[in-house]
**Student:** 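This structure is in structure tokens; I'll ask about it shortly.
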Amino acid sequence: MRTFAYSRADSVERAAHATTPTAAFVAGGTTLLDLVKLDVMQPSELVDINALPLKQVEWLDDGRLKVGALVTNTDLAHHPAVKQHYPLLSEALLAGASTQLRNMATTAGNVMQRTRCPYFRDPSAACNKRHPGSGCDARDGLNRMHAVLGGSEACIAVHPSDMCVAMAALGATLTLEGPDGEREVPFGEFHRLPGDTPHIEHDLADGELITAITLDAPLAPAGSHYLKLRDRASYEFALASCAAQVALDGDSIGTARLALGGVATKPWRCAEAEAALAGQPATLESFERAAEIALADAEPREHNAFKIPLARQAIVRALREAARLAGTTQEEQA
Amino acid sequence: MNDMTQSAFANPRVIGQRTPRVDGEYKLTGKAGYTGELHAENMLYGYPVPATIAHGELESLDLDEALAMPGVVEIFHHRNFPKLHRSPNSMGHGDQVSEVRLPFEDERIYYHGQYIALVVAETFEQARAAAYRVGARYRHAEGAVPSLLDSDAEGTLIDSAGSSRGDPESAFSGAEVQVDATYHIAAESHLQMEMHATLAEWRENGARLVVHESTQGVFYQRNAMARIFDLAQENLEVISHYIGSGFGNKLFMWPHAVATAGAARELGRPVKVVLPRQQDMTGGGNRPASRQRIRLGADREGRLSSVIHDSMTETSLVDQYIDACGSATPSFYACDNLSTSQRILPVNHGTPCPMRAPGEVSGIFALETAMDELAVELGMDPVELRLKNYAEQDPASGLPWSSKHLDECMKRAAKRFGWDQRDPGIGAMRDGDEIIGYGMATCTWFAGRQPCEARVELRADGTLFVACGTQDIGTGTYTIVAQTVAELTGVPLAQIEVKLGETSLPAGPLSGGSMATATTLPAVAAAARDALAALKEVATGSGGAFEGGEADSLSVADGAFNDGQRTVSFADVLETSRLASVNGQGSAAPGDEQNQYSFRSFGAHFVEVRYDPGISRVRVARVVSTMDIGRAINPPTARNQVEGGIVMGIGMGLFEKLDYDPRDARLVNGNVADYIVPVHADAPEIDVEMLDYPDFKFNEFGARGVGEIGLTGIAPAISNALYHATGKRHRDLPITIEALLAGQ
Ligand SMILES: Cc1cc2nc3c(=O)[nH]c(=O)nc-3n(C[C@H](O)[C@H](O)[C@H](O)COP(=O)(O)OP(=O)(O)OC[C@H]3O[C@@H](n4cnc5c(N)ncnc54)[C@H](O)[C@@H]3O)c2cc1C
């Protein structure tokens with residue numbers, strides 16, 4: 001049997017110091033153990049962080065919500081503060097995986113989950129992410145599930161998270177604890193584009209631990225919607241998903257937040273489309289124009305071209321729902 | 001021929017009644033031992049090493065690292081695996097296998113996932129870890145065929161699988177209205193819950209082999225293994241008590257079982273192999289992809305003048321499997337001019353095998369979609385078109401049906417569905433963002449029987465023991481066998497012990513082809529009657545409880561005899577005569593009725609789809625079905641089979657597709673996350689009605705089979721409903737989001 005060392009971290013500081021480059025933290029284990037069993041990840045040491053006191057959800061004085069790294073996806077989705085003030089996040093979490101998985105999966109683990117590219121998950125296939133320099137079997141292979149945004153010659157693997165798409169739209173900050181102390185990274189800067197180094201997926205240094213993710217203060221009053229499009233009704237990763245949040249200013253759009261999932265190599269914030277929506281009437285034409293802008297740079301491969309019109313549909317429908325809800329909220333407040 | 005219309009089961013008390021599964025408690029409490037959970041003393045674990053290429057040769061194996069790993073006992077491969085004999089592979093002689101090539105025969109690689117080695121170790125984890133460290137170098141060969149869907153090769157014509165009557169070609173070219181369309185269906189995985197598993201143990205110094213296997217046919221596996229290992233059948237035992245379903249891929253033995261038994265013999269210790277899901281999906285069977293062309297000719301009134309159904313399906317490079325798509329077509333509609341033909345094309349996959357309603361489910365998709373296309377051409381209601389071409393007798397054989405109520409199925413299901421509310425205009429029915437589509441199709445599956453034997457023992461402790469060497473693959477066979485003997489003896493279900501799934505028991509049938517019920521129950525009934533006769537003889541014999549009485553005058557009720565004055569329980573009858581038990585043997589086989597009637601089950605499905613064009617989302621919202629399956633022995637489990645078939649049909653229609661890389665024929669989505677099947681949220685409102693027309697011409701129980709028919713006809717009903725919603729005809733399965741988008 002392939003053996004590995006196992007230890008249970010009893011403090012954040014020690015967890016962050018105790019690790020070697022081939023060690024891995026284990027939280028819910030739903031990504032890690034799966035990939036170990038497939039022989040894709042081979043950590044020599046597992047540091048179990050489940051005993052660390054990182055399970056709180058708390059409001060900060062500046063109106064932001066701080067979520068501990070070990071809060072489960074289920075607890076976060078059903079937390080009263082999240083349901084009331086960040087329904088977009090709750091919806092996105094509940095669109096992901098299954099109840100059993102969400103009960104185990106943690107907030108930080110979700111951010112760190114690996115791609116579902118089948119060539120990444122098959123050790124006998126060529127994959128620059130798993131084995132730098134080995135090539136990419138997906139580029140000219142069965143790439144129906146792959147990215148049309150943010151890809152490179154080396155890698156077109158999708159970042160599969162739903163939760164992260166909502167966080168990208170809401171705005172958030174990660175708190176990291178490492179051998180050199182604590183630092184903060186804006187959510188949008190945490191995940192990396194693959195470029196020539198698809199094996200480097202994020203901004204975390206060796207031994208660094210995510211301790212919390214703090215959500216920006218809620219946009220209010222606003223409406224939001226997370227729409228996930230996939231083959232079957234549940235328990236499948238997105239072919240295209242969209243997190244949309246709209247605050248109205250009278251009949252027109254005041255602020256819009258927009259992010260995409262299932263189509264990009266990282267959780268994909270659509271800043272230009274957001275800017276283009278501001279001040280526009282909340283109509284289908286505005287939404288369609290925003291979708292065009294968001295997907296202007298999309299590059300299809302042989303089997304995933306359908307994701308471009310599909311993502312367009314996701315954006316238009318999510319914005320329509322968000323605007324409708326924003327209208328309702330506005331009326332209620334009036 | 002005995003007149004079975006005077007059936008002893010005309011007015012049953014237990015048969016046909018809602019009966020909880022007698023093995024339910026064992027399953028719920030984990031006491032039901034499935035093969036993968038079994039343990040033998042001193043047992044080793046095997047883990048197969050799959051080829052990572054689909055076409056070529058194994059150049060070399062590097063075993064050093066793996067052999068040095070903890071717990072590893074041996075690694076078998078083509079150089080050191082014992083030389084065995086192939087099975088004659090005959091259905092008639094009961095030694096059919098799924099893949100005739102033996103494991104590790106040579107260094108040639110014919111498909112991705114083919115076993116190139118078997119690592120055997122002290123624990124499962126050690127075996128798997130070492131299997132990952134087996135190095136293999138390959139010589140790739142050019143010309144891998146990844147799928148029939150990517151190929152324009154002609155394949156090989158299989159004459160025996162075709163049929164012809166009249167002059168279909170000229171009738172077609174002269175027809176007033178014609179439909180000529182080609183349909184494709186992707187290869188599918190059975191994805192049965194329980195993976196293939198074998199536990200092999202040699203006893204008596206290698207003279208005797210005992211195999212536990214998750215199989216739909218213990219006798220077929222025993223016979224094949226006897227040929228392969230040069231053993232007398234008597235020295236081989238195959239056991240399969242609980243099976244987490246098979247859908248056809250456990251009918252006949254696969255190479256992993258041979259590898260396991262061979263390793264166990266060489267090592268002199270029991271070995272267990274449970275295939276991981278990935279290997280189950282590459283080398284454990286699949287429904288092959290198909291291409292079908294249908295040509296229909298009709299007059300303006302909708303009367304069919306010609307049906308031509310040409311099919312091609314995949315087989316592997318190591319065996320020949322024929323998925324006969326046209327086999328139901330000749331019996332479907334009254335039409336004088338008809339032909340079917342079947343071709344097969346070898347591709348670089350593990351060998352395909354029967355999968356629930358094999359052949360016919362694919363053929364019915366093509367035929368029933370084509371009929372919808374004809375209805376559209378004619379501007380005629382699809383139900384009316386089908387009634388117009390209703391086959392009052394079997395047009396294939398000319399024989400009368402034993403019992404057919406398909407017209408009633410259509411009418412009753414249409415009524416419950418609300419078919420008369422259908423506005424036939426394309427996209428005419430809307431609800432918010434959604435377009436509502438209504439579609440229908442009919443379905444059928446042949447009713448077959450095999451020979452069968454059974455044994456019943458009445459015991460002095462008041463219990464009844466009944467045994468038959470068939471299997472319960474999760475469908476409820478244990479329960480209906482218990483119901484049968486309870487019906488005939490009056491012994492309560494709680495006092496009945498049923499034993500199935502062992503080759504030491506009287507020979508029973510494959511659990512396949514929807515034949516197990518109609519095959520097994522008559523033999524069980526015969527054995528129960530024989531046991532009762534034996535007990536009556538005891539009762540009326542010297543020293544018996546009814547000494548001097550007439551055996552014929554004893555009536556049976558509630559596990560007791562009554563002579564008009566006294567009631568004595570079976571237990572007391574045995575006790576009085578100082579006997580522990582009496583035994584009854586029974587056998588049954590299809591008879592002359594097979595030459596007098598044609599036997600089929602029928603049904604009609606009505607489907608509502610909801611299509612949201614704004615987000616390219618289609619969902620099946622409602623299925624209403626009426627089935628004509630003879631009598632349901634246990635209505636809830638029978639209904640459950642139809643409902644499960646319907647959900648599986650949604651998978652076939654909208655999701656399921658084994659994806660082989662067009663570059664090298666490797667299976668890319670060999671896992672349950674990437675191979676999409678329906679989940680609960682995809683299961684619509686399902687309303688299944690079963691007509692109760694016992695088919696006593698078929699057997700005294702009036703039961704035909706119900707395991708497969710529910711799946712047939714669902715995919716075309718969905719595609720027909722989608723046409724109604726969108727005006728786009730989908731002729732390729734699964735109907736993907738990209739196909740829906742392409743229509744906009
Ligand atoms: C069948 C299946 C279906 C799924 N479907 C979906 C879906 O539809 N949508 C979706 O969004 N997700 C889906 N997921 C993914 C799931 O959300 C993730 O597996 C889960 O969120 C990971 O969290 P975890 O706590 O289990 O992580 P683990 O498996 O414990 O860890 C994952 C990675 O993160 C690292 N890590 C964990 N915690 C920390 C920390 N505090 N600091 C630094 N590194 C850390 C680990 O070392 C490891 O590399 C699915 C997963 C499965 C198995």
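First the proteins, then the strands, lettered A, B, ... as listed; each starts at 1. Hydrogens, waters and symmetry mates play no part in the numbers below; they use all other heavy atoms, side chains included.
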**Student:** Going through the distances and angles, do A/Lys37 and B/Arg128 end up as a side chain to side chain contact (heavy atoms under 4.5 Å, CB included)?
**Tutor:** CA-CA 9 Å; A/Lys37 283 194 265 184; B/Arg128 181 175 62 184; 3.8 Å; yes
**Student:** CD of A/Glu153: more than 12 outside heavy atoms within 6.0 angstrom?
**Tutor:** no
**Student:** Report the option among B/Asp433, B/Asp674, B/Val618, B/Ile650 that has the most heavy-atom pairs separated by less than 4.5 Å from atoms of chain A.
**Tutor:** B/Asp433
**Student:** Should B/Ile737 and A/Leu310 count as side-chain neighbours, where that means a heavy-atom distance under 4.5 Å?
**Tutor:** yes
**Student:** I'd like to know if the side chain of A/Tyr235 reaches the main chain of B/Ala681, judged simply by a donor and an acceptor atom lying under 3.5 Å from each other, with no hydrogens or angles considered.
**Tutor:** no
**Student:** Specify which of A/Arg320, A/Met145, A/Arg121, A/His303 makes the most heavy-atom pairs with chain B at under 4.5 Å.
**Tutor:** A/Arg320
**Student:** With rounding to the nearest 0.5 Å, note down the distance linking CD in A/Glu236 to CZ in B/Phe655.
**Tutor:** 8.0 Å
**Student:** Salt-bridged, B/Arg133 to A/Asp39, with N to O below 4.0 Å?
**Tutor:** yes
**Student:** Does B/Val677 form a side chain to side chain contact (heavy atoms under 4.5 Å, CB included) with A/Arg232? I'd like the steps, not just the answer.
**Tutor:** CA-CA 8 Å; B/Val677 291; A/Arg232 66 181 168 201; 3.9 Å; yes
**Student:** Taking the side chain as every heavy atom from C-beta outward, state whether B/Ile676 and A/Arg230 have any atom pair closer than 4.5 Å.
**Tutor:** no
**Student:** Determine whether a donor-acceptor pair (N or O, by modelled atom type, separation under 3.5 Å) exists between the side chain of B/Asp682 and the backbone of A/Ala233.
**Tutor:** yes
**Student:** How close do B/Ser616 and A/Gln313 get, counting heavy atoms only, and between which atoms?
**Tutor:** OG-OE1, 2.7 Å
**Student:** Contact part of B/Val620 toward chain A, heavy-atom cut-off under 4.5 Å: side chain, backbone, both or neither?
**Tutor:** neither
**Student:** Select one option (side chain, backbone, both, neither) describing which atoms of B/Gln278 are under 4.5 Å from chain A's heavy atoms.
**Tutor:** side chain
**Student:** Output yes when B/Arg666 and A/Asp137 qualify as a salt bridge under the 4.0 Å nitrogen-oxygen rule, no when they do not.
**Tutor:** no
**Student:** Between atom OH of B/Tyr138 and atom OG of A/Ser124, what is the distance when rounded to the nearest 0.5 Å?
**Tutor:** 8.0 Å
**Student:** Between A/Gly141 and B/Asp661, what is the shortest heavy-atom contact and its length?
**Tutor:** CA-OD2, 4.2 Å
**Student:** Among the options A/Asp140, A/Leu239, A/Val316, pick out the one with the most heavy-atom pairs lying under 4.5 Å from chain B.
**Tutor:** A/Asp140
**Student:** Please classify the contact between A/Tyr119 and chain B as side chain, backbone, both or neither, with a heavy-atom cut-off of under 4.5 Å.
**Tutor:** side chain
**Student:** In Å, rounded to the nearest 0.5 Å, how long is the span from CG of B/Asn671 to CG of A/Leu38?
**Tutor:** 8.0 Å
**Student:** Taking atom CG of A/Asp231 and atom NZ of B/Lys657, what is their separation to the nearest 0.5 Å?
**Tutor:** 11.0 Å
**Student:** Any ion pair linking A/Arg144 and B/Asp659 (charged N to carboxylate O, less than 4.0 Å)?
**Tutor:** no
**Student:** Working to the nearest 0.5 angstrom, can you tell me the gap between B/Ile615 CD1 and A/Cys242 SG?
**Tutor:** 12.0 Å
**Student:** Using non-hydrogen atoms and a 4.5 Å limit, figure out which bit of A/Ala240 sits close to chain B: side chain, backbone, both or neither.
**Tutor:** neither
**Student:** Could you check whether atom CD of B/Glu57 has more than 12 heavy atoms from other residues, nucleotides or ligands sitting under 6.0 Å from it?
**Tutor:** yes
**Student:** Looking at A/Ser234 and B/Val679, what are the two nearest heavy atoms and their distance?
**Tutor:** O-CG2, 3.6 Å
**Student:** Which atoms of A/Gln42 come close to chain B, meaning under 4.5 Å heavy atom to heavy atom: side chain ones, backbone ones, both, or neither?
**Tutor:** side chain
**Student:** So which part of B/Tyr660 gets closer than 4.5 Å to some heavy atom of chain A, the side chain, the backbone, both or neither?
**Tutor:** backbone
**Student:** Would you say the side chain of B/Thr52 lies within less than 4.5 Å of the side chain of A/Pro123, judging by non-hydrogen atoms?
**Tutor:** no
